[in-house]
Every structure is written in C-alpha cells, then in structure tokens.
Amino acid sequence: MKPQTVDVLIVGAGAAGMMCAAEAARRGRSVLIVDHARNPGEKIRISGGGRCNFTNLGTTAANFLGENPRFATSALKRFTQHDFIKRVDRAGIAWHEKTLGQLFCDDSARQIVRMLTDDMRSAGAVLKMGTGVERVTRDGEGFEAALSDGSVVRCASLVLATGGKSIPKMGATGWAYDTARQFGLRVTETRPALVPLTFEPGLLEKLAPLSGLSVEAEVRTASTSPKGDRPTFKEGLLFTHRGLSGPSILQISSYWREGEAITAALAPGEDVYARLKAAKEENGKQMLHTALGHIVPRRLAESIAEREGVKGKLAEIGDKTLRRLDEAVNAWTVKPVGSEGYRTAEVTLGGVATDQLEQQTMAAPAVPGLFVIGEAVDITGWLGGYNFQWAWSSGWAAGQVC
C-alpha cells in the first residue's frame, strides 16, 4: 500500500488534538487526526457530569502544577479563556457560571465536541477514529507512522495529543510518554491526580457511619511544599466507603504524596470552642453530641465525640476538652494510605518535561517537527476547567506553527 502523505499527523482526538487540528488546517496545512477510540472527545463528553466544565474565568499559570508551571503562561496568554468563550458563543452554545469561575454548558457536553468536529471539518482536517498508531519512526526530516488499519502515513509534523493514563477504561494509555522517550525526550514521574484518597481498613471501619456524608471543608497539606507554602482548598468534602472524595480532596490529591498527612477543617470559619463554651453556659444539661450537631452534621458530631472519647452533658466537660474537640473538628489530621489510582483520576500529574519543549509553540527543538500538547505535557491544572483551558491553549499554540 502506497504511504499517504500529509503535512500534519495528530495522534489523539481529544480536546487539545482537535483544537490543534482545526488551527493547523485553517492555515492550509493538510491534517490527519487519528484516535483508537470509537468517538472523538470522550473525556469532554463525560466531564462536568455530562455538561463539560470547559474553562475557568480565573485561569492563570498559578492554577497549574509541574516542574515549571510558568511554562504554561505563554500559551494561556495567547489563547485565553475569553477567546474560547467567544468560540462557544459563536457556536450558539448556552453556558453558565458555577462556583469559583467554573463555566459549564447549559445543555450537553456533546455540544463542545460537535463544535470542535465542525471546526475541523470546515477547515479541511480529516478525522479517522478507531485507528491507532502501531509504530512511528523518523523519516528524513519528517516521520512515518504505521496505523492499525494497515496504512502508512508520512508527515512533516507529528503532534502527540493522546493525554495521560487517567481513566484507562476509556482507552487512556501512556503512548505519548513512550513515544516521547523513543525520540529522546525526558518524561517526568507520572501519577494519578484529581483523585479520591483512601484509608487503611481500621480507620475505614471507624469512619464507616459517615459514608455518603458531605460537608464544606478547608483542606490543606499537613506539611509545607518545597516552596514553603501549604496548598489549601475550601470546597466540598465527601466521606466514602474507601476514604475521602469531593472537590477539596481531589484538589489536594495533586499535592499529596504517600506517607504524608492532610489536615481538614470540617467547619471552616467556626470557632467551635467558643460555640460549645456558649452552649455550655446557656444550657449545661445539653448533651455534647447535640450541641456539636448544631455546628457540624449530626452523624459527624457523633463520630467526632466517639473518636475523642467524650460524652455526657456539657456541664460535665472541661474547657481543655472543649478545645480538644475544636481541634478535632477544624484541625483533623489524617494520613491516607493511597489513592483510587488512574481508574478514577481525572488527570495525570507529570508528563513530557517542559524543558524539552518551546513554550510558544509546544515544539520539541531536539526533534524538529515533533510537538506535544495537552495532558501529555508536564502541566496539570486544578479542578474546575483549568485542564481543558490548557488543552485549548496548548493545542491552539501548536496549531499556529505545526
């Protein structure tokens, strides 16, 4: 079979890959985008409960992790969240803002997928689903890729846009990392991020009555980061039958490491000691778990009282014990044993090292014609639309030059 020749071969029809394909094709480049999945944009489709948290109004490089998060600055400034919102508006997609600047479709995430596939089609990019890359090699100044359908493609530019390892049941693999290493690029350590944390069996048994309970919490790492700060997130926390989940836990999971503890304020902003002291003075006959149940949910109040070994009427409880209860509520320090892993992780932390890429173009200078975009790069965003914005921005940047 005679090899097909295109200007640009993009591997991965996710958010970054489709954005890059449309941009490159608009420049008159012949573009082929392939993916081994059956449908494009599957992570887009399931995100945000099916409504796609497609960007965040407050996106800056400060919302990202990696060896050098500032690497993201150039792409994020050149194609901003406001630029993407304009495209969403032009496509007639209604949206709304939720908490903390998060933007969602009013209707379905499929609208974002359709907008991207329509953009690619109108620009002339060719989309080929159900097709993986079995082998890719250097071919002169370009590349040659053997596809799973038996065809061979030669290209001047090769774009790695297959993302990371998160959610393997959707076909996620480490292909981009393996291919980058094949061409001599350094890949940083990868691990699940934005993922629920798990506890050891003994602690799980004690916390079992709380499974399904959700509270607003302020969660931080128990130790300082190498920069000397303690990342802190104030969002929902959910007790599960495996450990902890909810937005605050997913956020802190990107900073947490095995062997470390996390600290949670389960009634942030509340002076628990003062509340209990006042309740004691007002009605000393009131039971502790009842008074504590006015500050945190009743199930949680009962669990904390039992864990601290405190019971009885408020009049029988000394100030020292009340202060200990305050700490048990708002400085609860616990050591997870692990996470739920890539199975439920929303993204992968780590990836192709940013010192191997040009921040303006996402190109790998050591391998002319090779580009890496989206989640495959060692740039990982917070929960809340940041990772999609990085996909749009990095895909756009590569699409201007590949």
* To do: May I ask you to decide if K234's main-chain N or O and S248's side chain share a donor-acceptor pair within less than 3.5 Å?
  => no

* Has the side chain of R181 got a donor or acceptor atom that lies under 3.5 Å from a matching backbone atom of V187? -> no

* Asked: Could you give the distance from CG (L276) to CD1 (I295), rounded to the nearest 0.5 Å?
  -> 4.5 Å

* Asked: Has the side chain of S303 got a donor or acceptor atom that lies under 3.5 Å from a matching backbone atom of R299?
  -> no

* **Spacing of L197 atom CG and S253 atom OG [to the nearest 0.5 Å]** => 5.5 Å

* **Side chain proximity check, Y177 to K165, heavy atoms < 4.5 angstrom** => yes

* To do: Drop me the distance from E260's CD to Y255's OH, to the nearest 0.5 angstrom.
  => 13.0 Å

* Using modelled atom types only, decide if a donor and an acceptor are shared between the side chain of T290 and the backbone of Q286 within a distance under 3.5 Å. => no

* Asked: Within a strict 4.5 Å, meaning less than it, do heavy atoms of the I93 and M115 side chains meet?
  -> yes

* Asked: Does P247 reach the side chain of F233, with side-chain heavy atoms less than 4.5 Å apart?
  -> no

* Partners passing ring pair (Phe, Tyr, Trp, His ring centres under 6.0 Å) against F143 (at least two apart in sequence or in another chain) -> F183

* To do: Would you please test I262 and R220 for side-chain contact (heavy atoms from CB on, under 4.5 Å) and show each step?
  => CA-CA 6 Å; I262 60 172; R220 63 184 185 273; over 6 Å; no

Show me the donor-acceptor pairs within less than 3.5 Å that the side chains of residues 359-369 make with the rest of the protein, sequence neighbours left out.
| unit_1 | atom_1 | unit_2 | atom_2 | d |
| --- | --- | --- | --- | --- |
| T361 | OG1 | E358 | OE1 | 2.9 |
| T361 | OG1 | A363 | N | 3.2 |

* Steps toward salt bridge (charged side-chain N to carboxylate O under 4.0 Å, His left out) verdict (R323, D326) -> CA-CA 5 Å; R323 291 191 184 280; D326 182 296; over 6 Å; no

* Smallest separation among heavy atoms of T188 and A353, with atom names -> CG2-CB, 4.0 Å

* Heavy-atom closest contact (G236 atom, E216 atom, distance) -> N-OE1, 3.8 Å

* Under 3.5 Å: donor-acceptor pair, side chain of E189, backbone of G350 -> no

* Check whether any side-chain N or O of N68 sits under 3.5 Å from a backbone N or O of T354 as a donor-acceptor pair, and report yes or no. => no

* Taking every non-hydrogen atom, the tightest pair across K313 and K285 -> CG-O, 3.6 Å

* **Parallel, tilted or perpendicular: ring planes of Y386 versus W382, cut at 30 and 60 degrees** => perpendicular

* Among I112, I85, T55, the one residue meeting side chain to side chain contact (heavy atoms under 4.5 Å, CB included) with W95 -> I85

* Could you tell me whether a side-chain N or O of T117 sits under 3.5 Å from a main-chain N or O of V113, the two making a donor and an acceptor? => yes

* Should V126 and I33 count as side-chain neighbours, where that means a heavy-atom distance under 4.5 Å? -> no

* Go through the steps for L244 and L237 under the test side-chain contact (heavy atoms from CB on, under 4.5 Å), then give the verdict. => CA-CA 7 Å; L244 296 175; L237 176 149; 3.9 Å; yes

* A345 and I167: which non-hydrogen atoms are nearest, and at how many Å? -> O-CG1, 3.4 Å

* Kindly compute the distance separating CG (L300) from NE2 (H289), expressed to the nearest 0.5 Å. => 13.5 Å

* What do the steps show when you test V34 against L147 for side-chain contact (heavy atoms from CB on, under 4.5 Å), and what is the final call? -> CA-CA 9 Å; V34 301; L147 306 186; 4.3 Å; yes

* Can you find a heavy atom in the side chain of F388 that is under 4.5 Å from one in the side chain of C52? -> yes

* **Side-chain touch L76/W392, heavy atoms, less than 4.5 angstrom** => no

* **Donor-acceptor pair between T59 and N56 side chains, under 3.5 angstrom** => no

* Asked: Any side-chain donor paired with an acceptor under 3.5 Å for Q389 and S393?
  -> yes

* E327 and R324: salt bridge (charged side-chain N to carboxylate O under 4.0 Å, His left out), yes or no, with the steps? -> CA-CA 5 Å; E327 188 168 314; R324 178 157 57 89; over 6 Å; no

* To do: Check the pair D89, K86 against salt bridge (charged side-chain N to carboxylate O under 4.0 Å, His left out), reporting the backbone distance first and the verdict last.
  => CA-CA 5 Å; D89 288 340; K86 288 176 184 176; over 6 Å; no

* Knowing that exactly one of T333, T221, N330, T232 qualifies, which makes a side chain to side chain donor-acceptor pair (under 3.5 Å) with T263? -> T333

* Any donor-acceptor pair under 3.5 Å linking the side chain of S211 with the backbone of A208? -> no

* Please report the shortest heavy-atom distance between E346 and K43, naming the atom on each side. => O-NZ, 3.9 Å

Review item, side-chain donor-acceptor pairs of residues 6-29, under 3.5 Å, at least two apart:
| unit_1 | atom_1 | unit_2 | atom_2 | d |
| --- | --- | --- | --- | --- |
| D7 | OD2 | S30 | N | 2.9 |
| D7 | OD2 | S30 | OG | 3.2 |
| E23 | OE1 | W396 | NE1 | 3.4 |
| E23 | OE1 | Q400 | NE2 | 2.9 |
| E23 | OE2 | R26 | NH1 | 2.6 |
| E23 | OE2 | R87 | NH1 | 2.9 |
| E23 | OE2 | R87 | NH2 | 2.8 |
| R27 | NE | Q400 | O | 3.1 |
| R27 | NH1 | G399 | O | 3.0 |
| R27 | NH1 | C402 | O | 2.8 |
| R27 | NH2 | C402 | O | 3.4 |
| R29 | NE | C402 | O | 3.0 |

* Asked: Backbone N or O of G381 within a donor-acceptor pair of the N387 side chain at under 3.5 Å?
  -> yes

* Structure fact -> To the nearest 0.5 Å, atom CE of M287 lies from atom CD of E302 at 11.0 Å

* Asked: For D119, does its backbone N or O pair with a side-chain atom of S122 as donor and acceptor, under 3.5 Å?
  -> yes

* To do: Not counting sequence neighbours, list each pair that qualifies as a side-chain hydrogen bond (donor to acceptor under 3.5 Å, both in side chains) and has a residue in residues 265-281.
  => E270-R275, Y273-D319, K277-D319

* Asked: Is the number of heavy atoms from other residues, nucleotides or ligands under 6.0 Å of R257 CZ greater than 12?
  -> yes

* Note, V215 side chain near V296 side chain (heavy atom, < 4.5 Å) -> no

* Side-chain contact test, heavy atoms from C-beta onward, threshold under 4.5 Å: evaluate it for L65 versus I379 and give yes or no. => no

Using atom types as modelled, flag every donor-acceptor pair under 3.5 Å from a side chain in residues 198-206 to any protein atom, sequence neighbours excluded.
| unit_1 | atom_1 | unit_2 | atom_2 | d |
| --- | --- | --- | --- | --- |
| T198 | OG1 | G338 | N | 3.4 |
| T198 | OG1 | G338 | O | 3.1 |
| E200 | OE1 | G202 | N | 2.6 |
| E200 | OE2 | L203 | N | 2.9 |

* **Heavy-atom pair with the smallest gap, counting every atom of V136 and Q182** => O-NE2, 2.6 Å

* Atom pair CG/CG of L238 and L250 - distance to nearest 0.5 Å -> 9.5 Å

* To do: Name all pairs fulfilling the salt bridge (charged side-chain N to carboxylate O under 4.0 Å, His left out) condition that reach into residues 126-138, sequence neighbours left out, sorted by first residue then second.
  => K128-D149

